[in-house]
Protein chains: 2
Amino acid sequence: MTTTRPSPPDAATLDYETLLREAGVRITRPRRTILAILRDHPDHPDALEIFRRASAVDPSISLSTVYRTMRLLEEKGAIHRHAFGNGPSRFEQADGAHHDHLIDLDTGDVIEFSSERIEALQDEVARSLGYEIVFHRLELYGRRRRRD
Amino acid sequence: MTTTRPSPPDAATLDYETLLREAGVRITRPRRTILAILRDHPDHPDALEIFRRASAVDPSISLSTVYRTMRLLEEKGAIHRHAFGNGPSRFEQADGAHHDHLIDLDTGDVIEFSSERIEALQDEVARSLGYEIVFHRLELYGRRRRRD
DNA sequence: GTGGATGCAAACCGTTTGCAGAGGT
DNA sequence: ACCTCTGCAAACGGTTTGCATCCAC
């Protein structure tokens, strides 16, 4: 079980701009701005929050461009989209290994973790039902245990 | 690992009408209709689908009443609300034991399962992070394995 | 220069809400 | 009779889209 990101976001090693350009995606100013935000903040912002952060850098950016860009990046596999609770979609850069999320019900904090054993059991369950897992969603919602 | 509902919905043994009335909830015609639909269909309909089914029985029912009733029933613990993928909320009667869901990506079918071992590991993970799980969401998305 | 990307505003979808009237207890 | 619940229509929040313009290639 691990709780830290496998590798801290490293601007030098993870060059989505180049990757995307090679995939035929035009690197425009809004896209560059959004990519930088996702690279530099390892949290899980929603579209509006990304818009706010982007506006601070480039006030001419529009919310629809944020949404369009998030969809593009998701299609290209550069980000993951989550829907915690019933709230808006929240995003994170897709670099690093797969992980699941524990959401702090009191603070809203999102803690990443991964468990090979749980993954293995999920596969086992699916297989026994005649299925092959394409992706899954595992979210734990809880509160800090009071130290007594 | 179990894949069937612990006990098939049994109108006689599971009397939510009485339960709700005792909780001070008025049993009106729309509510009775909706409760019957949830009792008789063991699938996971969304509000619009419940509205359609209810309209067939009582054409005067309104969609807002369906939404209001679903919220009420959720608060009273009579139903569970799910949000598969990014679609609308889908509901199921809360009777029977806890289970998770496997969603067939090709057909949209929802298969219920439960795994004590996965639950135990989830608790273990949460505990090791200093948390206590209040509830969780586990969904497997997959396709039928081709028999070769 | 050209086709894709943008900003804006309007549309969209699932859901909630204000209100006056209906109906359960 | 009381007070809750209902239907209706309007509002809502998050997201998508049509269009004319702009800009990366």
Side-chain angles (χ1 to χ4, degrees), chain A residues 16-37 44-76 78-91 108, chain B residues 16-37 44-76 78-91 108:
Chain A
Y16 273 114
E17 255 182 61
T18 306
L19 248 47
L20 288 167
R21 187 181 282 110
E22 281 166 1
V25 173
R26 288 189 185 176
I27 303 304
T28 63
R29 195 139 91 91
R31 286 176 182 172
R32 208 188 316 272
T33 303
I34 291 170
L35 281 170
I37 288 168
H44 303 72
D46 61 22
L48 194 57
E49 177 59 25
I50 292 171
F51 172 65
R52 281 196 212 98
R53 295 178 189 175
S55 297
V57 177
D58 169 12
S60 75
I61 210 165
S62 83
L63 183 54
S64 21
T65 293
V66 173
Y67 278 109
R68 278 190 277 237
T69 302
M70 300 327 281
R71 190 136 56 93
L72 174 76
L73 296 180
E74 188 186 13
E75 281 167 17
K76 298 299 180 187
I79 61 169
H80 290 139
R81 176 192 301 261
H82 303 289
F84 302 135
N86 284 323
S89 291
R90 297 173 60 173
F91 307 92
Chain B
Y16 273 114
E17 257 182 59
T18 306
L19 247 49
L20 289 166
R21 186 179 283 110
E22 280 166 2
V25 173
R26 290 189 183 176
I27 302 305
T28 62
R29 195 139 91 93
R31 287 177 181 169
R32 207 191 313 274
T33 304
I34 291 171
L35 282 170
I37 288 168
H44 303 71
D46 60 22
L48 194 56
E49 177 60 24
I50 293 170
F51 171 66
R52 283 195 211 98
R53 294 177 189 175
S55 296
V57 176
D58 169 12
S60 75
I61 209 165
S62 84
L63 183 53
S64 21
T65 293
V66 172
Y67 277 110
R68 278 190 278 235
T69 301
M70 300 328 283
R71 191 136 57 94
L72 174 75
L73 295 180
E74 189 187 13
E75 281 168 17
K76 298 299 181 187
I79 61 168
H80 290 138
R81 175 193 300 263
H82 304 289
F84 303 135
N86 283 323
S89 291
R90 296 171 62 172
F91 307 91

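In this structure, CD of B/E75 is placed 11 Å from P of C/dT16, rounded to the nearest angstrom. In this structure, B/I34 places its CD1 atom 12 Å from C1' of D/dC5, rounding to the nearest Å. Counting to the nearest Å, the P atom of D/dT15 and the CG atom of A/L72 are 17 Å from each other. Separating the CD1 atom of B/I61 from the P atom of D/dC8 is a distance of 11 Å, rounded to the nearest angstrom. Spacing between atom CG of A/L20 and atom P of D/dC25 amounts to 12 Å, rounded to whole angstrom units. As rounded to whole Å, 14 Å separates atom P of D/dT15 from atom CZ of A/F51. Computed from coordinates, the A/E49 CD to D/dG13 C1' distance equals 17 Å when rounded to whole Å. Atoms CZ (A/R90) and C1' (D/dT15) sit 17 Å apart, rounded to a whole Å.
Closest heavy-atom contact between B/F51 and B/L63: CE1-N, 3.5 Å.
For A/S64, counting side-chain heavy atoms from C-beta on, the closest listed nucleotide (C/dG7, C/dT15, D/dG7) is C/dG7. For A/T65, whose side chain is taken as the heavy atoms from C-beta onward, the closest listed nucleotide among C/dT15, C/dT25, C/dG7 is C/dG7.
Residues B/P30 and B/R26 both approach DNA chain D. Their nearest nucleotides, taken by heavy-atom distance, put B/R26 toward the 5′ side. Where B/P88 and B/V25 each meet DNA chain C at their nearest nucleotide, the meeting point lying more 5' is that of B/P88. Both B/I27 and B/D46 lie near DNA chain C, and the one whose nearest nucleotide falls closer to the 5' end is B/D46.
Close to C/dA5, at under 4.0 Å from its OP1 or OP2, lies a side-chain N or O of A/R31. Here B/R71 reaches the OP1 or OP2 of C/dT17: one of its side-chain N or O atoms lies under 4.0 Å away. In terms of phosphate contacts, A/Y67 brings no side-chain nitrogen or oxygen within less than 4.0 Å of OP1 or OP2 of D/dT16. Residue B/S60 places none of its side-chain N or O atoms closer than 4.0 Å to OP1 or OP2 of D/dT6.
A/R68 comes within 4.0 angstrom of a base, heavy atoms only. Counting non-hydrogen atoms under 4.0 angstrom, A/R21 reaches the backbone sugars and phosphates but no base.
Checked for salt-bridge contact, A/R71 and A/E74 miss the test: no charged N lies under 4.0 Å from a carboxylate O.
A distance-only check finds a donor-acceptor pair linking the side chain of A/R31 to the backbone of A/R26 [under 3.5 Å]. Looking only at distances, a side-chain donor or acceptor of A/R90 sits under 3.5 Å from a matching main-chain atom of A/H44.
Atom CZ of B/R29 is surrounded by 12 or fewer heavy atoms from other residues, nucleotides or ligands within 6.0 Å.
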